[in-house]
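Note that these values count all heavy atoms, side chains included, but never hydrogens, waters or copies made by symmetry. We number each residue from 1, following the sequence as shown.
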Amino acid sequence: MADESHRPDVQDFIDVLLDSPAPSPVLVEVGTVAAVGDGIAVVAGLGRALSDELLVFASGVRGVVLDLEPDRLGVVLLGPSERVSAGEDVWRTHKVISVPVGPGLVGRVVDATGQPRDGKGRVTAVAERPVEARAPDILSRGAVTRPLATGLKAVDAAVPVGLGQRELIIGDRQTGKTSIALDTILNQARSEVLSIYCAIGQRGDAVARVIEALRESGQLANTIVVVAGDEDPPGLAYVAPYAAMTMAEYFADQARDVLVVFDDLTHHARSYRELSLLLRRPPGREAFPGDIFYVHARLLERAGQFTEDAGGGSITALPVVETQAENLSAYIPTNLISITDGQIYLSPRLVRKNQFPAVDLGVSVSRVGGKAQHRAFRDVAGNLRVTLSQFEELEDFARFGTRLDDATRARLHRGAAVRAALRQPERDPVPAVEQLLVLLAAMEGMFDGLSETEVVAAMDTIRASVGDVLTGVATRIARNEPLDEEDRAAILSVARTALGKPEDGRDADA
């Protein structure tokens, strides 16, 4: 039998509890789902909720407050609306929607909330940041002067893109918009640029092909893939581009250069229109809500080249937008054209002529221009545009069967050769020195009179002949230094030697 003198006094224990400080009350605000739609919910009873606040439903689905009204909240669901039912409880989180950021995301495939989609386990993040952020001020921005090499001859030579620029990729369906963006990402294997590919409303098989191309090239290890597919709720498609931009801002703050591809903002605008109509917002032009311009402007304004005080990095944005029947004056395309710093227009007319990439240099433009172009390309670019524009005018004129003089016929041959030299297969970005070899050879008439098949063979021959001969030229191009006449002569000499042409440019058998 235990000694009763050592038993604790129950009354003393109760007295200690009564004398201890009382726990502070915890306020829990609970609302109720009044109605559920396709991707949205109407919530009542949360009068203190704030705009963009994250709510949690009893079913586990999360949502973002988009509409604030005196007796109701319009909530965009970030999960299946089938799991939410009328009458279930909803709780405030007192937080805005955030995504994980950090080096642990590189090489991963995640959804718009940062959750893994690649089956590789939990994402390791250093922090979480809100998907919505204020765009940097003017004094936090620097000039766009450094080139972003895309590996595409038609782009690097005539429509240059700079680090920190916003260049729109625009065209009809099946004109190669995603291929342009994907080849640009693949070409960053030759640079220190980190890439983020954001798929918005794309089919699952299309996204899988992009991921597989990145994996086969080894570039997936230097890329973050953010996916909000067509099978996902429209709320995820709406959040996805902002999440991708937030991930990019983390690396830009670390003085890194980041390339972000939004594929595409047409689906993003449609998702936002769907949500707005379900929330009974007043429809505007083409049923889009009145703030659709602001929705895209506040996203793309976060890109740019930043000063040392603002992190010193850069975010280059390549938004993609789809047109219908080449209608560049449609609502969403014109909005994005006015927001961005130029556009790469892909023409279905050139697609029908088997011209890939189908970049229409007459409509495409870079408002940053030569300031961000490789200096080695500047002399080539001006002559390239003039030659092609003259050729296209003469080509239309020659269809009437009019007799042509020798000078006009020579221009037609030269223009056809230059246009053929701009052809390039998918998933084959070309180094800058090889681009210069091919373009200068075409401009000097080495491809004149050759058939399309012969031009392709000649380009392959020239590219294979680079070797160690032009190592010094390649080094100066990598340093963004201008090329002198000796460099130009060396490039042309290599091209003539590869094609078996003498120095005067005539065929060796002539």
Side-chain angles (χ1 to χ4, degrees), residues 147-162 165 167-190 195 197 206 209-210 213-214 217 219 259 261-264 316-323 326 328 333 340 342-366 373-374 377 380-381 384-385 387-389 391-392 415-432 434-439 442-443 447 452-453 455-456 458-460 462-463:
L148 173 76
T150 67
L152 302 169
K153 291 172 285 188
V155 176
D156 289 343
V159 197
V161 180
Q165 187 173 346
E167 184 79 4
L168 184 65
I169 302 175
I170 184 170
D172 287 7
R173 292 184 67 252
Q174 303 297 322
T175 52
K177 301 185 296 298
T178 299
S179 293
I180 290 277
L182 180 56
D183 286 347
T184 302
I185 293 177
L186 296 180
N187 195 57
Q188 303 318 307
R190 304 185 179 100
S195 302
Y197 177 78
R209 285 196 297 271
V210 171
L214 292 171
S217 67
Q219 191 60 11
L259 167 65
V261 174
F262 301 109
D263 190 13
D264 64 28
T316 307
L318 293 182
V320 179
V321 67
E322 180 183 301
T323 56
E326 303 184 65
L328 291 174
T340 51
Q343 67 271 355
I344 300 171
Y345 175 63
L346 304 179
S347 170
R349 174 178 53 85
L350 294 177
V351 171
R352 290 190 290 269
K353 293 180 179 180
N354 199 30
Q355 179 75 20
F356 289 100
V359 180
D360 188 337
L361 298 183
V363 181
S364 301
V365 64
S366 175
Q373 189 175 31
H374 269 293
F377 282 95
V380 179
L384 182 67
R385 281 186 175 273
T387 300
L388 285 176
S389 63
F391 163 68
E392 290 177 354
V418 171
R419 187 168 68 184
L422 292 178
R423 290 185 177 175
Q424 193 169 331
E426 293 181 335
R427 316 297 180 259
D428 184 25
V430 182
E434 296 180 16
Q435 292 187 44
L436 284 174
L437 263 173
V438 172
L439 293 174
M443 298 297 295
F447 299 157
E452 294 179 2
T453 305
V455 171
V456 172
M459 288 192 293
D460 291 340
I462 289 177
R463 290 183 59 186

* Asked: Within the distance-only criterion (no hydrogens, no angle test), does the side chain of Gln373 pair as donor or acceptor with the backbone N or O of Ala157 below 3.5 angstrom?
  -> yes
* Asked: For the residue pair Val261 and Ala181, what are the closest heavy atoms and their distance?
  -> CG1-CB, 3.5 Å
* To do: Output, in order, the C-alpha distance, side-chain angles, deciding distance and verdict of side-chain contact (heavy atoms from CB on, under 4.5 Å) for Thr387 and Met443.
  => CA-CA 8 Å; Thr387 300; Met443 298 297 295; 3.5 Å; yes
* Set of side chain to side chain contact (heavy atoms under 4.5 Å, CB included) partners for Arg427, sequence neighbours left out -> Ser179, Leu182, Asp183, Leu186, Ala213
* Asked: Does any non-hydrogen side-chain atom of Asp172 lie less than 4.5 Å from one of Glu322?
  -> no
* Do the non-hydrogen side-chain atoms of Val159 and Glu167 ever get within less than 4.5 Å of each other? -> yes
* Asked: Distance from Leu318 atom CG to Thr340 atom OG1, nearest 0.5 Å?
  -> 10.5 Å
* Heavy-atom closest pair, residues Ala158 and Leu384 -> CB-CD2, 4.2 Å
* **Which atom of Leu422 lies closest to which atom of Leu439, heavy atoms considered** => CD2-CD2, 3.7 Å
* Only counting residues at least two apart or in another chain, list the ones meeting side chain to side chain contact (heavy atoms under 4.5 Å, CB included) with Ser347. => Glu326, Tyr345, Arg349, Leu350, Asp360
* Close side-chain approach of Asp264 to Phe262, heavy-atom, < 4.5 Å -> no
* Structure fact -> To the nearest 0.5 Å, atom CD of Glu452 lies from atom NZ of Lys353 at 11.0 Å
* Asked: Do Ser195 and Leu259 have side-chain heavy atoms sitting under 4.5 Å apart?
  -> yes
* Structure fact -> Note: Val155 and Ile344 closest approach over all heavy atoms is CG1-CD1, 4.0 Å
* Tell me, with the steps shown, if Ile169 and Gln343 meet side-chain contact (heavy atoms from CB on, under 4.5 Å). => CA-CA 6 Å; Ile169 302 175; Gln343 67 271 355; over 6 Å; no
* Structure fact -> What one should report as the nearest heavy-atom pair of Gln165 and Thr316 is O-CG2, 3.3 Å
* Does Pro429 reach the side chain of Arg190, with side-chain heavy atoms less than 4.5 Å apart? -> yes
* Asked: When rounded to the nearest 0.5 angstrom, what is the spacing between CZ in Arg419 and CG in Leu361?
  -> 11.0 Å
* To do: Measure the spacing between CG of Asn187 and CD of Gln219 and express it to the nearest 0.5 Å.
  => 9.0 Å
* Structure fact -> Tightest non-hydrogen contact, residues Ile170 and Lys177, listed as C-CD, 4.0 Å
* Hey, mind stepping through Val210 and Tyr197 against side-chain contact (heavy atoms from CB on, under 4.5 Å) and telling me if it holds? -> CA-CA 9 Å; Val210 171; Tyr197 177 78; 3.9 Å; yes
* Asked: Can you tell if the side chain of Val456 reaches within under 4.5 Å of the side chain of Arg423, non-hydrogen atoms only?
  -> no
* To do: Using modelled atom types only, decide if a donor and an acceptor are shared between the side chain of Asp156 and the backbone of Thr150 within a distance under 3.5 Å.
  => yes
* **Atom pair CE/CD of Met459 and Gln435 - distance to nearest 0.5 Å** => 11.5 Å
* Val161 versus Thr184: any side-chain heavy-atom pair under 4.5 Å? -> no
* Nearest-0.5 Å distance that lies between atom OG1 in Thr178 and atom CG in Asp263 -> 3.5 Å
* State, with a plain yes or no, whether a side-chain heavy atom of Pro357 is found less than 4.5 Å away from one of Gln424. => yes
